[in-house]
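Notes follow the structure.
Side-chain atoms are counted along with the backbone in the values below, which use heavy atoms only and exclude waters and symmetry mates. What you see is a predicted model; the values in this text were computed from it and never measured.
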Amino acid sequence: MDLQTFAVATLTAHIGFAIFVTLHAKLTDRNPGKWPLITLAFGLAGIAGYFFYDSNGEGNAGRI
């Protein structure tokens, strides 16, 4: 796979992941906060952060 194909595939995946995080937040009445932007930049790491990090100390934080 050449570099250009890899870059396009990666960008496409990250955009899809960011859309998924945004839609999930809207459907569950959850504040997406900074996670769509982080997901756009870092992909799967952003999704993991969205689901497992809670700045209020409540929810699924730390439960991996």
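F51 and F20 have tilted rings, their planes meeting at an angle from 30° to 60° on a 0 to 90° scale.
Two different hydrophobic clusters hold W35 and I15 under the rule that ILVMFWY side chains link at heavy-atom gaps under 4.5 Å. Under the 4.5 Å side-chain heavy-atom criterion for grouping Ile, Leu, Val, Met, Phe, Trp and Tyr, L37 is not connected to F42 through any hydrophobic cluster.
We find the CG-NE2 distance between L44 and H14 to be 7.0 Å, quoted to the nearest 0.5 Å. Atom OG1 of T39 and atom CZ of F17 lie 9.0 Å apart (nearest 0.5 Å).
Between the side chain of Y50 and the main chain of I38, no donor-acceptor pair closer than 3.5 Å is present.
Side-chain contact check for V21 versus P36: some heavy-atom pair is nearer than 4.5 Å.
Contact detail for Y53 and R30: the closest heavy-atom pair is O-NH2, 4.2 Å.
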